Protein chains: 2
Amino acid sequence: MTATTDQDAALRIASGRKPFVEPLRLGDRLREIRLANQWTLEDVSQRTGLARSTLSKIENDQISPTFTAVQKLIGGLDIDLPQLLSPPRQKARTMGRRDLTRRGQGQQHPTPTYEHELLSCELAQKRMIPFKTIVRARSFEEFSEWVRHDGEEFLMVLDGEILLYTEFYEPLRLESGDSIYFDSDMGHALVSVSHEDAVVLSVCTTAENA
Amino acid sequence: MTATTDQDAALRIASGRKPFVEPLRLGDRLREIRLANQWTLEDVSQRTGLARSTLSKIENDQISPTFTAVQKLIGGLDIDLPQLLSPPRQKARTMGRRDLTRRGQGQQHPTPTYEHELLSCELAQKRMIPFKTIVRARSFEEFSEWVRHDGEEFLMVLDGEILLYTEFYEPLRLESGDSIYFDSDMGHALVSVSHEDAVVLSVCTTAENA
DNA sequence: GGTGTGCGTTCACTATAGGAAACCTGTTTC
DNA sequence: GAAACAGGTTTCCTATAGTGAACGCACACC
């Protein structure tokens with residue numbers, strides 16, 4: 001098993017899968033936007049080039065608009081697609097979730113090179129994955145290949161000292177308190193260089209963005 | 001000026017703005033995904049319930065799929081809509097950016113209650129905003145109102161001890177090494193309770209998700 | 001070189017989305 | 001209170017999206 005798949009697996013477990021069956025009441029949403037702006041069907045018709053009747057039918061879920069129609073909508077109303085589809089999420093989100101992890105109480109995920117401790121893993125559907133890692137690797141050769149995954153990663157050294165190898169840059173020496181932000185689809189790998197194994201805190205973005 | 005606007009301003013400065021104009025070649029994109037997965041039209045047909053012929057026409061831009069068809073597509077291929085529309089972003093992103101911040105070298109943003117140090121602020125267009133904060137506040141009354149902002153926040157106590165006040169929960173005592181993840185549109189506020197002012201590392205999501 | 005098989009495109013037909021105008025409300029105006 | 005009006009729904013037609021079957025093409029296999 002490669003370093004990449006190890007890490008990937010850990011991330012997948014941590015992020016939780018998206019059930020998400022698309023309830024998607026497009027009509028309601030459109031009406032909502034229209035009324036919020038105090039627009040009549042005629043107004044929207046002018047803006048989008050779609051007939052008044054068509055708009056009425058879309059709002060009442062009597063037809064399923066063509067994709068070109070949807071484009072006219074988002075163009076004419078000057079909104080973006082996610083906005084047209086995502087009022088439920090905003091609503092669902094307003095109740096404040098939270099997930100506490102006491103020191104050392106995260107979920108352990110050991111690999112040959114890293115010992116990950118996943119934080120806040122009670123919570124599914126989150127946009128970031130935080131984890132604390134003890135860097136066991138002592139040389140770059142211990143990695144069979146680059147670690148890489150979609151998205152972005154932020155990393156701060158909590159203890160010890162590391163070398164950060166990246167695909168496109170010279171290795172970088174980071175000491176306790178130093179931090180770095182990078183595109184994590186660029187290959188990367190950490191190696192401890194201090195006497196004790198270094199400890200770093202990482203936060204990755206998830207694919208939840210949508 | 002309230003605590004809320006202080007924080008908001010800081011976040012806005014740190015995140016950078018998105019232009020984004022929507023070119024949109026749906027057919028090409030679908031074919032791309034299909035071939036990337038080594039699927040035949042028949043495979044996709046099975047997965048989505050759409051006829052082979054229909055899929056062919058969509059790929060060749062001979063028809064504009066109905067919205068229900070698009071839903072079947074994203075459902076059957078297990079992708080989400082943005083993914084179907086946004087190959088350009090992925091491509092543009094593949095060049096690995098990075099942004100190093102040495103200990104104490106972040107951008108300072110003092111407020112009456114917090115002293116923020118923005119990390120990785122060279123980089124615009126990022127999906128997370130990391131910052132280190134010294135919590136000066138010593139009582140909840142020092143906040144004129146709840147701090148709140150869209151998105152999610154991860155927080156780890158680096159030094160000292162804090163009370164985390166949140167809108168919907170009892171105050172929570174966090175010590176060095178403890179961490180918490182929460183919806184940041186829920187009102188929240190930190191107060192130091194240790195002898196010295198506590199230091200926390202926070203990471204917020206940005207609105208870049210779309 | 002026939003013939004079978006798999007994959008994409010095209011054809012002919014049916015189902016449905018989009019548009020123009022008629023049709024319903026309430027509301028306002030004189 | 002009739003008439004004019006404004007905003008939304010329904011009707012009816014036509015343009016087009018969606019389907020199954022037929023077709024074309026390449027690459028096997030013998």
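Labels below follow one simple rule: chain letters A, B, ... track the order of the sequence lines, proteins then strands, and each chain is numbered from 1. Quick caveat, the model's predicted, so the values are computed rather than measured.
With sequence neighbours left out, the salt bridge (charged side-chain N to carboxylate O under 4.0 Å, His left out) criterion links A:Arg138 to A:Asp197. For B:Glu115, the side-chain hydrogen bond (donor to acceptor under 3.5 Å, both in side chains) test picks out B:Arg136, with sequence neighbours left out.
Taking the side chain of B:Arg34 as heavy atoms from C-beta on, and the options C:dA17, C:dG19, C:dG8, the nearest nucleotide is C:dG8. Here D:dG7 is the nucleotide among C:dG8, D:dG7, D:dA17 with the atom lying nearest to any side-chain atom of A:Thr40.
Put simply, CG on B:Leu73 is 13 Å from C1' on D:dA17, counting in whole angstrom units. When rounded to the nearest whole Å, the span between CD of B:Gln46 and P of C:dG6 equals 13 Å. Between the C1' atom of C:dG8 and the CH2 atom of B:Trp39 lies a distance of 18 Å, rounded to the nearest Å. Between the NZ atom of A:Lys72 and the C1' atom of C:dG19 there is a distance of 10 Å, given to the nearest Å. Atom CD1 in B:Ile63 sits roughly 12 Å away from atom C1' in C:dT16 (whole-Å rounding). Regarding B:Gln71, its CD atom lies at a distance of 18 Å from the P atom of D:dA17, rounded to whole Å.
Geometrically, A:Arg98 does not engage B:Tyr181 in a cation-pi contact defined by less than 6.0 Å to the ring centre and at most 45° from the axis.
Note that OG of B:Ser184 and CH2 of B:Trp146 are 13.5 Å apart. Values are rounded to the nearest 0.5 Å.
For A:Gln62 and C:dA17, the shortest distance from a side-chain N or O to OP1 or OP2 is not below 4.0 Å.
Taking the nucleotide of DNA chain C with the nearest heavy atom to each of A:Pro65 and B:Leu41, the more 5' of the two is matched to B:Leu41.
Residues B:Thr113 and B:Glu142 share a closest heavy-atom pair of CG2-O, 3.9 Å.
Near DNA chain C, defined here as any heavy-atom distance below 4.0 Å, the residues from residues 48-60 of chain B are B:Arg52, B:Ser53, B:Ser56, B:Lys57, B:Asn60, listed numerically.
Side chains of A:Thr133 and A:His116: a donor-acceptor N/O pair is present below 3.5 angstrom, by distance only.
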